[in-house]
Amino acid sequence: MKTSTALVLLFIPALAFSQNNGSNKISVDTVKYSFTIPEVINATSLLPQFKSNRNKSALEKINSDLKKYFIATSMILDSAKFIQDLLDMNGVKTVEEYKQLLKDNPEIGKDDESERFAIEYMSENFVNISVSRDLIPYGGQLMHYYNSLCYDLKTGKRLTFKDFFNITNETLAELIKSDGYSIDEDYELNDSLRFRKIERPNDQINIVINYVLPNISEPEILCTDFYFNKVNNDVHLRFRYACSGPSPEFYGITTKKLSKYAVYPEFGNSPFKGSGKRGIGIGIGFWNSRCEGC
């Protein structure tokens with residue numbers, strides 16, 4: 001079996017984002033990675049990669065972990081497994097057999113998939129990056145997938161919900177019902193319409209809130225993720241549906257309302273020093289799965 005695989009790594013010189021913390025300035029470059037098997041797959045991703053004169057080992061740890069969540073780099077990290085899974089899924093033994101399968105069945109491998117990232121929030125302490133993927137299966141409906149990644153900039157550690165707040169699902173749900181807001185999934189709306197106070201909490205809303213909030217004891221059970229976003233001079237905690245479906249976002253609340261439950265110092269009673277806004281200075285990568293001419 002002859003397999004032709006091309007891996008391309010390019011650095012894009014444009015600066016994507018910077019956080020100036022005195023001598024510890026952090027910059028973010030958008031880096032392009034491509035994974036190609038001619039006539040089979042052509043995947044391209046644009047990743048954020050962090051640079052600084054300090055905490056280099058922590059940033060290297062973050063940069064390495066980020067590669068697990070992007071299409072092209074996740075394939076590069078374990079290309080042998082990706083190829084074998086592709087062959088097994090389609091019931092063939094070689095790449096050449098798979099190429100012939102594509103020729104005989106043009107509808108196979110015509111899924112369209114795009115991905116993008118945004119720096120949701122960045123401070124001298126941590127960074128919150130979101131990775132969103134939209135998948136349109138051939139002849140199917142649009143599906144959304146989402147990961148929110150929080151990293152400690154001093155250690156490189158991946159931060160979980162428990163690293164920020166010590167609160168139960170029930171208490172968090174009640175606070176969102178009383179002091180939070182719902183987020184309309186229609187991105188064409190302006191912010192005054194997208195973010196709406198929950199005016200009449202009822203049993204159904206309670207069920208919905210308990211469903212979409214992260215299960216703090218067993219977070220892998222529910223398909224939700226959390227992220228932080230700065231609004232004016234305040235930081236908000238928001239939740240987003242992470243697995244698939246037409247409703248990528250649900251609820252949010254200002255972190256000021258959660259200060260008594262905060263275990264991360266930045267979200268206690270001290271002033272906020274972070275910055276960042278979704279989508280500012282962020283590259284967008286597109287991947288057309290196994291399509292001819294990509």
Side-chain angles (χ1 to χ4, degrees), residues 1-12 30-49 61-118 129-149 158 219-225 240-246 248 282-294:
M1 177 182 72
K2 183 179 180 181
T3 302
S4 178
T5 304
L7 302 181
V8 180
L9 172 60
L10 300 174
F11 283 87
I12 297 176
T30 301
V31 183
K32 179 180 179 180
Y33 292 83
S34 294
F35 178 84
T36 302
I37 303 175
E39 301 178 54
V40 175
I41 189 74
N42 189 338
T44 298
S45 294
L46 300 182
L47 281 69
Q49 295 283 272
K61 186 177 180 180
I62 293 171
N63 290 338
S64 177
D65 191 70
L66 279 171
K67 294 176 182 179
K68 300 175 185 177
Y69 300 94
F70 287 81
I71 297 167
T73 45
S74 63
M75 294 175 180
I76 293 171
L77 287 172
D78 197 348
S79 57
K81 183 178 185 304
F82 166 75
I83 295 170
Q84 190 59 54
D85 288 347
L86 182 67
L87 300 181
D88 292 344
M89 182 175 63
N90 290 278
V92 294
K93 295 186 180 298
T94 67
V95 171
E96 295 304 320
E97 288 182 17
Y98 181 67
K99 290 181 180 179
Q100 187 61 50
L101 181 67
L102 293 178
K103 292 179 181 178
D104 296 339
N105 302 272
E107 74 280 1
I108 296 179
K110 296 300 182 182
D111 301 345
D112 288 332
E113 190 162 5
S114 66
E115 69 179 4
R116 57 197 176 276
F117 75 85
I129 302 167
S130 69
V131 183
S132 303
R133 295 169 61 187
D134 293 331
L135 171 64
I136 306 177
Y138 182 80
Q141 295 182 341
L142 173 66
M143 296 185 291
H144 305 280
Y145 298 89
Y146 177 79
N147 290 108
S148 177
L149 311 169
R158 172 85 183 274
E220 70 280 0
I221 291 178
L222 298 181
C223 284
T224 58
D225 217 337
R240 182 170 181 147
Y241 195 59
C243 294
S244 67
I282 302 305
I284 300 178
F286 296 94
W287 175 50
N288 291 318
S289 168
R290 297 179 287 267
C291 62
E292 296 179 3
C294 293

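When a residue number appears, it is its place in the shown sequence, counting from 1.
A donor-acceptor distance shorter than 3.5 angstrom exists from the side chain of S74 to the backbone of I71, with no hydrogens or angles considered.
Note that CZ of F82 is 6.0 Å distant from CD1 of I37, once rounded to the nearest 0.5 Å. Once rounded to the nearest 0.5 Å, the distance linking CG of N90 with CG of L101 reads 5.5 Å. One finds the CD1 atom of I129 at 11.5 Å from the CG atom of N147 (value rounded to the nearest 0.5 Å). Expressed to the nearest 0.5 Å, how far CG of L47 lies from CD of E115 amounts to 7.0 Å. Here the straight-line distance linking atom CZ of F70 with atom CG of L46 works out to 8.5 Å at 0.5 Å rounding. Atom OG in S45 sits 11.5 Å away from atom CZ in F35 (nearest 0.5 Å).
In this structure, the side chains of Y98 and L87 come closer than 4.5 Å at one or more pairs of heavy atoms. Looking at R240 and S130, their side chains never come closer than 4.5 Å, going by heavy atoms from C-beta outward. In this structure, the side chains of V40 and L86 come closer than 4.5 Å at one or more pairs of heavy atoms.
Shown here for P48 and L66, the closest heavy-atom pair between the two residues is O-CD1, 3.4 Å. Considering all non-hydrogen atoms of both residues, A43 and M75 come closest at CB-SD, 3.9 Å.
In terms of the salt bridge (charged side-chain N to carboxylate O under 4.0 Å, His left out) criterion, residue partners of D134 (sequence neighbours excluded) are, by chain and number, R116. Residues passing the side chain to side chain contact (heavy atoms under 4.5 Å, CB included) test with S148, sequence neighbours excluded: N128, Y146, D225, Y227. The side chain to side chain contact (heavy atoms under 4.5 Å, CB included) test applied to D78 returns A80, K81, not counting sequence neighbours. With sequence neighbours excluded, no residue forms a side chain to side chain donor-acceptor pair (under 3.5 Å) with E97. Listed by chain and residue number, R158 satisfy the side chain to side chain donor-acceptor pair (under 3.5 Å) test with Y69 (two or more places apart in sequence, or in another chain).
Note on residues 61-76: pairs passing salt bridge (Lys or Arg N to Asp or Glu O under 4.0 Å), not counting sequence neighbours, are D65-K68.
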